[in-house]
Amino acid sequence: MTNDVRVRFAPSPTGGLHLGGVRTVLFNYLFAKHTGGKFILRIEDTDRTRYVEGAEQYIYDCLAWCGLNPDESPLLGGEYAPYRQSERKDIYRQYAEQLIAQGNAYYAFDTSEELEQMRANLKSEQNPSPQYDHKTRMSMRNSLSLTNEEVEKLIESGAPYVVRIKMPENERVGFTDMIRGHIENETELVDDKVLLKADGMPTYHLAVVVDDYLMKITHAFRGEEWLPSAPVHILLWKYLGWEAEMPQWAHLPLILKPDGNGKLSKRDGQRLGFPVFAMSWTDPSTGETINGFKEEGFLPEAFVNILAMLGWKDDSEQEIFSMQELIDKFSIDRVHKGGAKFDYDKAKWFNQQHIQQKSNEDLLPLVKSFFEKEGVTPDDESLLQVISLIKERCQLLTDFWPQGHFFFKSPSDIDTDTIKAKWTDEKKTFFNDWMETFANITDWNSEQIEASFNETTAKHSLKKGEVMLPLRIMLVGGKYGPGVYDIAAHIGKEETKNRIISALQLIEE
RNA sequence: GCCGCGUUGGUCAAGGGGUUAAGACGCCUCCCUUUCACGGAGGAAUCACGGGUUCGAAUCCCGUACGUGGUACCA
């Protein structure tokens, strides 16, 4: 039996791809893969005033990084091409005309000034946002209020117009949401939405219905901000005669800001110090760059895992999932109804878990690129060892450098204050003596180093702890890092000696 | 204002009539580690509120409150 599940993600290319957007992609993708269906990427670029150079390519890049690759897209093509709405412009008009002919839509000639005027006139405390609806439409300039003659004349004269849906009065429109169950609205409460704009482009409302129909979309997932306009879409499916093929809807909960309430915005990320975009985005008009999860050191598999847990959970205690496990286990009826506050600390924990699960070899190229940004290009074998030594103390890929820089460069900042606080002449002679002792070590490894260190501390009647911390600081710069003998072993005998000597000089100053 | 949607610890959440209301993040205490981290053992919640229904409600119903989304020729 062939499976014909088809879902789509339909972003408008206007800027950085937000957490919530990626999660919508993810749920679409998981649903498609789980059911053996197809995941389609459609670009909704019907608003020419919001066109942003590079934003479309950026979306492809983000999806590729996340591993959420579509089966059909503007790039890939497919049976239902084109997948960019600006290239489908001519398709929409006939449906708008059909709706007018059926009496479900009408021409409206009002200028934006006239619309503003109407809103200003009707605005009151009781009605802060007057709508273009059944109550007001007859006092506006449209093919309902004007005579046929006037309408024809206006159109012939080239007067700009839009097409609006004529929302019925006293009707209830309902549908079953896969996440929320039955939802019903009063049609007269929603306004006569514009379907076709003056420039001939459709609005989202018309385009989404026409394209979902033409592209045979079976399930439509989108953010819950679309719930209030759902009745318009349902009505359109009905008026166009496609009701039997209408997709099943699912409105996903929002991702909320960590403090207070409200939708998470890119400003919250900047304010609180965490990324909200998948990858870094540079606004071409301002030149401003905002880092994404990738640049902040997240693994794509962790990023996907985080997003999946923000709004979905299976009935087990498992929290760390691979993409394949998510695909296997995902079910739309376990998606939550309520929004979730984004918790950056937990996000980092997810990343840490994924780092620990990855092999050193897999981590190598990733870590290397962050080292290269710091101007250090270690050889693979050496970096591999370092990765295995420090990986368990890294939450982010960006932590590898601060946790591991001293393996490749002698530390520029040495916390001499801590050493000086308990410094004695005995310790000084200990270090001088130890350097002479370890000069004789032929097999420079961590066991030998430790043995020689122990021997020398015993000789000087010092407790290991008294000199281990100073040694660590001499080699590393501060009170952190993996086992101190491992560090000495890795940087080599000469370098160990050099660092001790230069640190001793600093202490004496 | 109106309409829709939502509400289990600080956060993510399991649980959908009878449970000591799981687990995770974060926080605190302790152990391990003569750094840090990892790991381990503990500590902290009457499920927004008020009414029902029921022998029994976090779980079902109705209100209220709060939050949030929409109310554009933006998506």
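Here the structure is a predicted model, which means the values were calculated and not measured. Residue numbers start from 1 in every chain, and the chains themselves are labelled A, B, ... in the order their sequence lines are given, proteins ahead of strands.
- Comparing B/U71, B/G6, B/G70 by their closest approach to the side chain of A/Glu225 singles out B/G70.
- Mapped onto RNA chain B by nearest heavy atom, A/Ile183 and A/Ala10 fall at different nucleotides, with A/Ile183 at the one closer to the 5' end.
- Residues from residues 471-480 of chain A that place a heavy atom under 4.0 Å from any atom of RNA chain B, listed by number: A/Arg472, A/Lys479, A/Tyr480.
- Listed candidates were B/C73, B/U71, B/A75. Nearest to the side chain of A/Val194 is B/C73.
- Within the 4.0 angstrom heavy-atom criterion, no nucleotide atom of any strand lies near A/Pro160.
- Taking a pair as Watson-Crick or G-U with both hydrogen-bonding distances under 3.5 Å, the stems of three or more pairs touching RNA chain B are B:1-7 with B:65-71, B:10-12 with B:23-25, B:27-31 with B:39-43, B:48-52 with B:60-64.
- Closest to the A/Ser129 side chain, of the nucleotides B/C73, B/G69, B/U71, is B/U71.
- Residue A/Glu319 contributes atom CD, which lies 7 Å from atom C1' of B/G23 at whole-angstrom precision.
- Here A/Asp199 lies out of heavy-atom contact (under 4.0 Å) with every strand.
- Listed by chain and residue number, A/Arg48 satisfy the salt bridge (charged side-chain N to carboxylate O under 4.0 Å, His left out) test with A/Asp199 (two or more places apart in sequence, or in another chain).
- Considering only residues two or more places apart in sequence or on other chains, A/Lys329 meets the salt bridge (charged side-chain N to carboxylate O under 4.0 Å, His left out) condition with none of them.
- Residues satisfying the salt bridge (charged side-chain N to carboxylate O under 4.0 Å, His left out) criterion with A/Arg499, sequence neighbours excluded, are A/Glu495.
- A/Tyr60 meets the ring pair (Phe, Tyr, Trp, His ring centres under 6.0 Å) test with no other residue; sequence neighbours excluded.
- For A/Arg50, the salt bridge (charged side-chain N to carboxylate O under 4.0 Å, His left out) partners at least two apart in sequence or on another chain are A/Asp47.
- Contacts of residues 46-55 of chain A with RNA chain B (heavy atom under 4.0 Å): A/Thr46, A/Asp47, A/Arg50.
- Side-chain proximity of A/Asn127 to the nucleotides B/A22, B/G69, B/G1 is greatest for B/G1.
- As judged by a 4.0 angstrom heavy-atom cut-off over every strand, A/Ala340 is placed among residues touching the sugar-phosphate backbone only.
- A/Glu116 has its CD atom 12 Å from the C1' atom of B/C73, to the nearest Å.
- A/Leu264 places its CG atom 13 Å from the P atom of B/C12, with the value rounded to the nearest Å.
- Taking atom C1' on both B/A72 and B/G15, the two are 43 Å apart, rounded to the nearest angstrom.
- Looking at residues two or more places apart in sequence or on another chain, you find a ring pair (Phe, Tyr, Trp, His ring centres under 6.0 Å) between A/Tyr95 and A/Trp242.
- By the side-chain contact (heavy atoms from CB on, under 4.5 Å) test, A/Ser143 is found to be paired with A/Tyr106, A/Tyr107, A/Val151, residues two or more places apart in sequence or in another chain being considered.
- Applying a 4.0 Å cut-off to non-hydrogen atoms, the residues of residues 342-357 of chain A that approach RNA chain B are A/Asp343, A/Asp345, A/Lys346, A/Trp349, listed by residue number.
- With sequence neighbours excluded, the residues satisfying ring pair (Phe, Tyr, Trp, His ring centres under 6.0 Å) with A/His219 are A/Phe31.
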